[in-house]
2 protein chains.
Amino acid sequence: MSDDLDAVFSALADPTRRAILTMLLEDDMAVTDVAEPFEMSLAAISKHLTILTRAGLISQEKRGRVKWCKLEPDALRAASVWMQGFGQFEPVNLDAFERFLDAELGESEDSSP
Amino acid sequence: MSDDLDAVFSALADPTRRAILTMLLEDDMAVTDVAEPFEMSLAAISKHLTILTRAGLISQEKRGRVKWCKLEPDALRAASVWMQGFGQFEPVNLDAFERFLDAELGESEDSSP
DNA sequence: GGCATATTCAACCATTCGGTTGACGATTTT
DNA sequence: AAAATCGTCAACCGAATGGTTGAATATGCC
């Protein structure tokens, strides 16, 4: 039970993996396409995807020779609930999220892809 | 900016540190008292507290020879906002949180006071 | 069949992590 | 002043993490 939180939080602790999740917000992607923007080997990305899968944050389905990666946002629920307990945050401020997302996307434009 | 998220999420990835945060929900505590329920050295707990402090999740203030640890829930806000973007969670389900908290407290009762 | 593409496996490497122990500095108590 | 308490520091250890490379395994295409 607390192992789930271990897996989710440590999966989220890596900026490459958070970037991958952000990419998957747009659409499902094949492993090769996920890897394309990053300056690291395909094998490294494959490992990151395995970690995200084990944490339940994404699922992977092989169709033909390509493996599709799909965001599984439900896995965040337990972690989110855990965090909500520490202080009463304003309920789901999506404006703030969008600003944050813009910032993070803009930021990754000089380093990652 | 994304370093903040690194620090917060990796701080939360350790069950000992999450347990410490949960203890601090009740009240501010001295380092020795934080360490008491755990089956590990004071030095180890001191390191965990340093990590939580660097992540901004707690603050530490030395008064006399005792160092007080205080929860700083605001540090969770950025991480919480980031997570909220992945799927629309119901706004702050405190019932679910309380159930979760009970479960987590019950689980650590073998080593807790 | 034979070749290209998609993905993982296996072995390796450097670094970080979570823990230990013992010495140490600072403060309070007697 | 001496002794006890609070907490950190430093050095060390084994295991996990994040990356590399090269070979291996599927699958699709000509």
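Throughout, a chain's letter reflects where its sequence line sits, starting with A, and its residues are numbered from 1. Since this is a predicted model, take the numbers as computed values, not measurements. Note that these values count all heavy atoms, side chains included, but never hydrogens, waters or copies made by symmetry.
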Handout entry: Chi angles and distances behind the side chain to side chain contact (heavy atoms under 4.5 Å, CB included) call for B/E72, B/L57
Key = CA-CA 5 Å; B/E72 295 288 347; B/L57 291 165; 5.9 Å; no
With side chain to side chain contact (heavy atoms under 4.5 Å, CB included) as the criterion, how do B/Q60 and B/I58 come out once you've worked through the C-alpha distance, each side chain's angles and the decisive distance to 0.1 Å? CA-CA 7 Å; B/Q60 291 181 289; B/I58 67 171; 4.2 Å; yes
- Message: Please determine whether side chain to side chain contact (heavy atoms under 4.5 Å, CB included) holds for the pair A/H48 and A/M40, giving the CA-CA distance in whole Å, both sets of side-chain angles, and the decisive distance to 0.1 Å.
- Response: CA-CA 11 Å; A/H48 282 305; A/M40 73 181 69; 4.1 Å; yes
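Computed from coordinates, the B/R63 CZ to C/dT28 P distance equals 12 Å when rounded to whole Å. B/R54 has its CZ atom 13 Å from the P atom of C/dG18, to the nearest Å. In this structure, the CG atom of B/L52 is 11 Å from the P atom of C/dG18, given to the nearest Å. In this structure, B/R18 atom CZ and C/dG18 atom P are separated by 12 Å, rounded to whole Å.
Extent of DNA chain D lying under 4.0 Å from chain A heavy atoms, first and last nucleotide in 5' to 3' order, is D/dG18 to D/dG28.
Inter-residue side-chain proximity for A/V31 and A/C69 is flagged as met; some heavy-atom pair is nearer than 4.5 Å. Taking the side chain as every heavy atom from C-beta outward, B/D6 and A/P15 approach each other to under 4.5 Å.
Within residues 40-50 of chain A, the residues that place at least one heavy atom under 4.0 Å from DNA chain C are, in residue-number order, A/L42, A/A43, A/S46, A/K47.
At least one donor-acceptor pair closer than 3.5 Å links the side chain of B/T22 to the backbone N or O of B/R18. Put simply, the side chain of A/R17 gets close to the backbone of A/S10: a donor and an acceptor are under 3.5 Å apart.
Close to C/dG18, at under 4.0 Å from its OP1 or OP2, lies a side-chain N or O of B/R17.
Taking for each of A/D14 and A/G64 the nucleotide of DNA chain D with the nearest heavy atom, the 5'-most of the two is the partner of A/D14. Remark on DNA chain D: of its neighbouring residues A/T16 and B/R65, the 5'-side contact belongs to B/R65, judged by nearest-heavy-atom nucleotide.
Here B/T32 pairs with nothing under the side-chain hydrogen bond (donor to acceptor under 3.5 Å, both in side chains) rule; sequence neighbours left out.
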